[in-house]
Amino acid sequence: MTIHDIIRTEIFRCLESYGLFEEDVKVDLEKPRDPSHGDLSTNIAMATAKRLDRKPRELAGELAAKLDFDHDVIESVEIAGPGFINFRFAPAYQVDLLLDLWSDEGAILDMNTGRGRRINVEFISANPTGPLNVVSARAGAFGATLVRLLDAVGYDAHAEYYVNDAGRQVMLLGKSLRARTMEMLGHPADFPEDGYKGRYIHMMAEELIGLSSRAIQEQAEVFNDESFQRLTAPDGNADAWVALPEDESSRRFSKYALMKILTWQRQTCRRFGLRFDTWYFESELHETKRVERAHERLRKSESVYEQDDATWFRSTDYGDEKDRVIVRSDGTPTYFLADVAYHYHKFQRGFERAIDFLGPDHHGHIPRMRGAMIALGVPEDWLEVQILQQVNFVENGRPVDMSKREGQFVTMDALCDDVGADVAKYIFLTRKPNSHLDFDLDLAREQSNENPVYYVKYAHARICSVLRKADEADWKNVTPSTAPLARLEAAPERALIRELIRLPEVITGAAVAREPHRLTTYAQDVSGLFHQFYHQCVILGEDRDTTEARLQLCLLTRKVLRRVLDLIGIDAPEAMGEKE
RNA sequence: GCGCCUGUAGCUCAGUUGGAUAGAGCACCGGACUUCUAAUCCGGCGGUCGCAGGUUCGAAUCCUGCCAGGCGCGCCA
């Protein structure tokens, strides 16, 4: 029985004498933001006053007098403000919570909301037509942290990256590379209209020209280790491809470009600390006939019709603005149909839920995709879409153009070079998913020493330092335990403890609400309270009992910070390096 | 025109899902290093929560209407 249950039960017992029962009223318990208002608070008196024709504050006083609790759990019950009833936990109860935190078993017990259910989280899924940009970086920070959060609360979360390797964009990429290569080889070549003009195409062409067909095959060998087996290098080399008929030539260049770009993208991801359980290739959907089968299954749902030689899905039945083509009049399937097949396969793979992180330019896809899933017989709430709003980067006081085609954009690698992966991840996770964010690159660079992330890292390093000093002073094998922790009564100590025991609630809340940014807010709060505690309370002091208790508090704080930084995906340093 | 998102301190953003006196960081002003690391701490300055109504004991939070900004409305992906 949690403390919430204990309090609720007791409130309901008292309410019976007013003729109110559990089915009549909802008892909300919440944590007051002001610590002087206690640890939990209820508005029950205000919520029922009207119905009982009473004054809220008077009713609160009456109820408070009737409530009877074990003093080892609830220390006091007070009324305040317009009619709040505030509960203050007994120190012994808080110590129990702290010790739960120390033993992983206890903490996990509280976090068992996932019950092992499989959940698929798809993020980034950038077109393989250029280096990953900062929008992908934001998605990476969110997606990876959400996966860790879901795992932390007992889900079996799966990180997935969808590779659109079958579309026209990849062909266009190949044609762009072909044109650049031919240019460099002194052949006249028309650069495709809307082709990719980025510098990376030049770099790729330059590198390619010197390569033998054997060297190209060797480049593909790096894929043997992971889930990239689908990728193979094209036969031959640049000289040979240029001599081929245009179609076949473009195909070879596309294949090569795809291989190179995915290699880059994966490297960038690794550098950013991102790991994917699956890289799912669109081409596989076509080869395995899943696209066709999805088509047929949709057809059976009777929400498909023919018009103007094309096949349409009646997505307006599901709230879409207009119906969508799934097979073009030339007989080829649309991207949408492949995407439907992909998501349906996700469902078939046994995930009880799928979360997609999408950019704001894709929000229009939600109704049609949801509709298609429902038409295929997938539960309505199976697909969950999180829209990550655009990142607007500002450099030299000007917005940075993000178009890949024009080749002017901030890459994820450049971001790592500038501010470091840790700082970038942390900053992305200080914003909630649907906030539009302006990221001033110049400021991020300049401020890298004044950045909030260092505040948190420093708190951790500071604890490590104190603990090293303690070790030298012969405090070995300190472990949190009941009696010393119960001695912590100074205000800064109580405030820190109060915050630490929120950990399970913060993790659960962040996971359930899909709001990883709550972690950075929490890390900031814990760090701040630790810094205050550090300044106001001498840890390694004269009194051995006090020292022991405070060292235990340090250990607990460090554990909490580590856990949170781990979830955010950044390093918890033992010591801070020299300031630049 | 329709749809989605956003509007909170000079700037960048939080605000525990409707609670009590709206909070951080940066910037600015003033203090604290002979000390367990000052990448820290303490104090100050700074607000018609875009505007106007509504819902109720109570609204930054919910509903409606405006205003402003971003994005989307292809047999592209």
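Just so we're on the same page: letters track the sequence lines, and every chain starts at 1.
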B:rG3 phosphate, OP1 or OP2, under 4.0 Å from A:Lys322 side-chain N/O: no

Any donor-acceptor pair under 3.5 Å between the side chain of A:His531 and the base of B:rA39? no

Could you state the NE2-P distance from A:His460 to B:rA39, rounded to the nearest angstrom? 18 Å

Distance test, side-chain N/O of A:Arg550 to OP1/OP2 of B:rC36, below 4.0 Å: no

With distance as the sole criterion, do the side chain of A:Thr334 and the base of B:rC75 form a donor-acceptor contact below 3.5 Å? no

Does B:rC75 have OP1 or OP2 under 4.0 Å away from a side-chain N or O of A:Tyr335? no

Report yes or no: is there a donor-acceptor pair, N or O only, under 3.5 Å between the side chain of A:His436 and the base of B:rC5? yes

Taking for each residue the nucleotide of RNA chain B with the nearest heavy atom, is it A:Ser435 or A:Arg468 whose nucleotide lies nearer the 5' end? A:Ser435

Is there side-chain contact between A:Leu337 and A:Phe313, with at least one heavy-atom pair below 4.5 Å? no

With a cut-off of under 6.0 Å to the ring centre and 45° to the axis, is A:Arg462 in cation-pi contact with A:Tyr534? yes

Dot-bracket encoding per residue of RNA chain B, Watson-Crick/G-U cut-off under 3.5 Å, | denoting interstrand: (((((((..((((.....[...)))).(((((.......))))).....(((((..]....))))))))))))....

Identify whether the distance between the nearest side-chain nitrogen and carboxylate oxygen of A:Lys346 and A:Glu122 falls below 4.0 Å. yes

Nucleotide by nucleotide, nucleotides 15-20 of chain B touches protein heavy atoms under 4.0 Å in the pattern (B base, S sugar-phosphate only, - none) SBB-BB

Which whole-number value in Å describes the distance from A:Leu437 CG to B:rC26 P? 19 Å

Fit a plane to each ring of A:Tyr280 and A:Tyr162, take the angle between them on a 0 to 90° scale, and name the class: parallel (under 30°), tilted (30 to 60°) or perpendicular (over 60°). tilted

Contact nearer the 5' end of RNA chain B, comparing A:His362 with A:Arg462: A:Arg462

